[in-house]
Amino acid sequence: MFKKILIANRGEIACRIIETCRKMGVVTVAVYSDADARARHVRMADEAVHIGASPSSKSYLRGEVILKAAKDSGAEAIHPGYGFLSENAAFSDACAKAGITFIGPSADSIRAMGLKDRAKDIMEAAGVPIVPGYKGEDQDLKTLAAEAKKIGYPVLIKAVAGGGGKGMRLVEDAKDFADLLANCQREGLASFGNAHVLLEKYITKPRHIEVQVFGDNHGHVVHLFERDCSLQRRHQKVVEEAPAPNISDKMRKSIGDAAVKAAKAINYSGAGTIEFIVDVSNGDANAPFYFMEMNTRLQVEHPVTEMITEQDLVEWQLRVASGEKLPLAQKDIAINGHAFEVRLYAEDPAQNFMPQTGRVTHFSNDALNDQMRVDTGIEAGDSVTAFYDPMIAKLITHGQTRDEAAKAMRSMLEGLNICGLNTNQEFLHNIFVHPDFLDAQLDTGFIPRHEDALIPDHYGRPSEGDLKILHTYLMQGADEGQNDIWGAHDNWRMCGDVYRKFTLNCRGETYNLHTNSDKNFVPEYASIIKHDRTITLFNNGRVIRAELPDYNSDGAGDTSGRITASMPGRIVSVMAKKGDVVEKDQPLLIMESMKVEITIRAGCGGTIEDLPIAVNDQVSDGALLVQITAEDAA
């Protein structure tokens with residue numbers, strides 16, 4: 001076994017790997033960028049090495065710098081985690097050349113599965129079922145259009161080097177094929193340096209089921225059963241569970257056997273995942289399944305497999321990479337109960353899931369027990385920056401049945417208290433109380449189909465009951481600016497009822513609370529956390545963030561025409577110029593932050609007096625983007 005390894009990653013997965021290494025007595029070396037100098041994974045590791053500036057291209061993607069850090073620190077192996085260099089064949093080769101073990105598959109295996117068309121050829125030759133489609137070399141528009149017609153619409157266009165939902169377009173009508181093809185090719189070229197595409201028959205009611213496989217360097221391959229990852233938004237997984245519900249034992253064996261066959265076809269070693277698309281148009285139990293792609297690394301959702309198999313997959317990775325045989329044979333691996341994982345993100349579902357940045361001022365959970373697990377790279381006081389994926393934590397639960405595991409997840413989300421920025425906590429809770437989800441009516445269209453229920457119009461806004469709770473809280477002296485009757489900004493007077501007035505701002509709306517104190521008791525439990533002028537209410541899975549007014553401010557200055565960046569980002573497009581007369585809500589520019597494009601619109605009608613940005617400019621949090629003089633300000 002290795003004595004020291006370097007972890008070429010950050011955040012949650014780096015912390016997760018460190019935990020297993022501690023258990024095994026393996027010394028860990030963390031790497032970090034400028035933005036991560038005080039990050040949790042740096043604090044946890046035995047040693048830490050600075051590798052560059054905050055952007056990943058200048059730090060976590062610099063293979064030569066990471067390899068030097070491994071050599072200088074005396075690390076015998078490098079664990080890449082997921083993302084960054086985890087599926088980079090050239091980096092795997094470089095490690096081998098330097099005499100440092102890459103804790104993952106061989107470079108040949110990574111290359112074999114790196115391009116979707118080549119991977120499908122290998123799987124087809126190995127007898128693994130693939131989706132009907134076209135993956136030829138002829139990329140002429142006429143050829144592709146003819147093949148699409150032969151396959152039958154709807155058709156999915158996929159960049160062969162794509163991933164993470166990029167380079168993928170659904171075509172439902174032949175008249176749209178040419179435009180969407182060109183769009184997909186441009187994105188493939190821009191994101192992956194490869195405009196080559198393949199075509200697939202689009203399954204109208206698909207489930208996404210993947211199988212965890214593991215191989216060693218002695219010719220052994222096993223599977224650790226399957227995970228259902230059907231609940232997705234824009235091809236990004238939201239909820240994962242294991243085992244997949246509503247499938248027969250026969251199908252479970254068939255899909256597991258197919259995954260092992262796929263891994264053996266490329267002499268696979270280490271942790272990997274074979275992803276299948278399952279056509280449930282005619283039911284779930286024995287639905288046909290087709291190979292989609294292979295991830296040649298540890299998956300984000302590996303904890304649900306660990307929970308139902310009672311195995312530590314990171315430990316398996318270390319043992320296999322150090323030359324040991326697989327810890328268990330197939331016959332010794334069994335399913336114990338059911339598990340769920342959700343990804344807690346710093347994002348605002350009510351604002352089209354806009355990523356959020358800022359400091360986490362509080363992070364705790366009142367409901368944690370032996371059924372629950374939290375994998376995170378964030379603690380109270382840490383910040384979520386614009387440089388990396390905004391995932392805060394993975395919340396995992398286990399139960400002997402699916403219902404028990406789901407109930408545990410509801411409790412976990414209801415007991416979660418996180419403050420400082422908006423998250424998708426309430427959105428996740430809404431999934432776990434939705435009757436169709438609890439009845440396991442799953443397919444990849446679940447979230448779009450139920451979006452109105454999962455993100456209702458009142459999402460994140462206080463109900464009448466919430467306002468009563470907040471008023472009771474404030475009446476009890478929680479707000480230092482208003483609890484002193486001599487300094488309070490209300491209309492209290494002697495010889496009358498103790499009449500109080502409070503003002504709260506929430507999501508652009510102002511709420512005035514005013515009742516008599518003796519009539520304001522609310523017999524309801526809720527958790528409330530206050531930080532500076534922000535009050536966060538956690539009530540039965542719902543989260544309300546409200547701001548108290550700053551009574552020390554003079555309130556001068558109408559800033560409705562001043563638009564500033566709410567987070568760091570890059571200017572992608574500018575659709576206006578200085579001197580233009582614009583209308584309220586008119587699109588002015590597009591900014592990219594955390595891999596998401598955000599359209600900035602005019603907050604009022606008027607004339608643009610200042611526009612100090614241009615395409616490709618990098619802007620910081622709070623930077624001025626546009627200054628508009630309102631029409632009625634003259």
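Only heavy atoms go into these numbers, but all of them, side chains included; no hydrogens, no water, no symmetry mates. Just so you know, residue 1 is the first one in the sequence shown, and it goes up from there.
Note that CD1 of Ile51 is 8.0 Å distant from CZ of Arg62, once rounded to the nearest 0.5 Å. Taken to the nearest 0.5 Å, the CG atom of Leu61 stands 11.0 Å off from the OG atom of Ser33. Taking CZ of Phe387 as the reference point, atom OG of Ser57 lies at 10.5 Å (rounded to 0.5 Å). Ser73 OG to Lys68 NZ: the interatomic distance, rounded to the nearest 0.5 Å, is 10.0 Å. Rounded to the nearest 0.5 angstrom, Ile600 CD1 and Leu589 CG are separated by 5.5 Å. One distance of note links CG of Asn365 with CG of Asn417; it measures 7.0 Å at 0.5 Å rounding.
If you check the side chains of Tyr60 and Asp36, you find a donor sitting under 3.5 Å from an acceptor. There is no side-chain donor-acceptor pair under 3.5 Å between Gln232 and Thr444. Under 3.5 Å, the side chains of His429 and Glu414 contain a donor-acceptor pair of N or O atoms. Side chain to side chain, Gln299 and Glu240 fail the donor-acceptor criterion of an N or O pair below 3.5 Å.
Using a 4.5 Å cut-off on side-chain heavy atoms (C-beta onward), Ile100 and Leu67 make contact. Between Ile563 and Leu588 there is a side-chain heavy-atom pair separated by less than 4.5 Å. Proximity of His302 to Thr273: side-chain heavy atoms (C-beta onward) are nowhere separated by under 4.5 Å. In this structure, the side chains of Arg545 and Thr534 come closer than 4.5 Å at one or more pairs of heavy atoms. At a threshold of 4.5 Å between non-hydrogen side-chain atoms, the residues Leu504 and Leu548 count as touching.
Of the possible polar contacts, none joining the Asn352 side chain to the Met354 backbone as a donor-acceptor pair under 3.5 Å is found. Within the 3.5 Å criterion, the main-chain N or O of Val384 finds no donor-acceptor partner in the side chain of Thr357. No donor-acceptor pair under 3.5 Å is formed between the side chain of Arg402 and the backbone N or O of His338.
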Q: Please test Arg562 against Leu624 for side-chain contact (heavy atoms from CB on, under 4.5 Å), starting from the C-alpha separation and ending with a verdict.
A: CA-CA 7 Å; Arg562 181 180 174 84; Leu624 177 66; 3.7 Å; yes
Q) Taking it one step at a time, do Thr423 and Gln356 satisfy side-chain contact (heavy atoms from CB on, under 4.5 Å)? A) CA-CA 8 Å; Thr423 75; Gln356 307 289 291; over 6 Å; no
Q: Evaluate salt bridge (charged side-chain N to carboxylate O under 4.0 Å, His left out) for Asp389 paired with Arg10, printing each intermediate quantity in order.
A: CA-CA 11 Å; Asp389 185 88; Arg10 64 174 301 280; over 6 Å; no
Q) When you look at Phe538 and Cys419, which way does the side-chain contact (heavy atoms from CB on, under 4.5 Å) test go after all the steps? A) CA-CA 10 Å; Phe538 302 91; Cys419 306; 3.8 Å; yes
Q | Stepwise salt bridge (charged side-chain N to carboxylate O under 4.0 Å, His left out) test for Lys237 and Glu275 | A | CA-CA 13 Å; Lys237 299 167 187 174; Glu275 302 198 356; 3.4 Å; yes
Q: Just do the salt bridge (charged side-chain N to carboxylate O under 4.0 Å, His left out) check on Asp382 and Arg43 with the steps written out, would you?
A: CA-CA 12 Å; Asp382 293 340; Arg43 301 195 298 267; 3.2 Å; yes
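Within a 6.0 Å sphere centred on NZ of Lys3, heavy atoms belonging to other residues, nucleotides or ligands number 12 at most. Within a 6.0 Å sphere centred on NZ of Lys4, other residues, nucleotides and ligands contribute more than 12 heavy atoms.
By the 4.0 Å N-to-carboxylate-O rule, Arg343 lies too far from Glu12 to be salt-bridged with it.
Residues satisfying the side-chain contact (heavy atoms from CB on, under 4.5 Å) criterion with Ala242, sequence neighbours excluded, are Arg227, Val304, Ile308.
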What pairs of donor and acceptor atoms, side-chain ones from residues 450-458 against any protein atom, are under 3.5 angstrom apart with sequence neighbours left out?
{"unit_1": "His450", "atom_1": "ND1", "unit_2": "His434", "atom_2": "NE2", "d": "3.3"}
{"unit_1": "His450", "atom_1": "NE2", "unit_2": "Asp436", "atom_2": "OD2", "d": "3.3"}

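If you look at Phe427 and Phe353, their ring centroids are closer than 6.0 Å.
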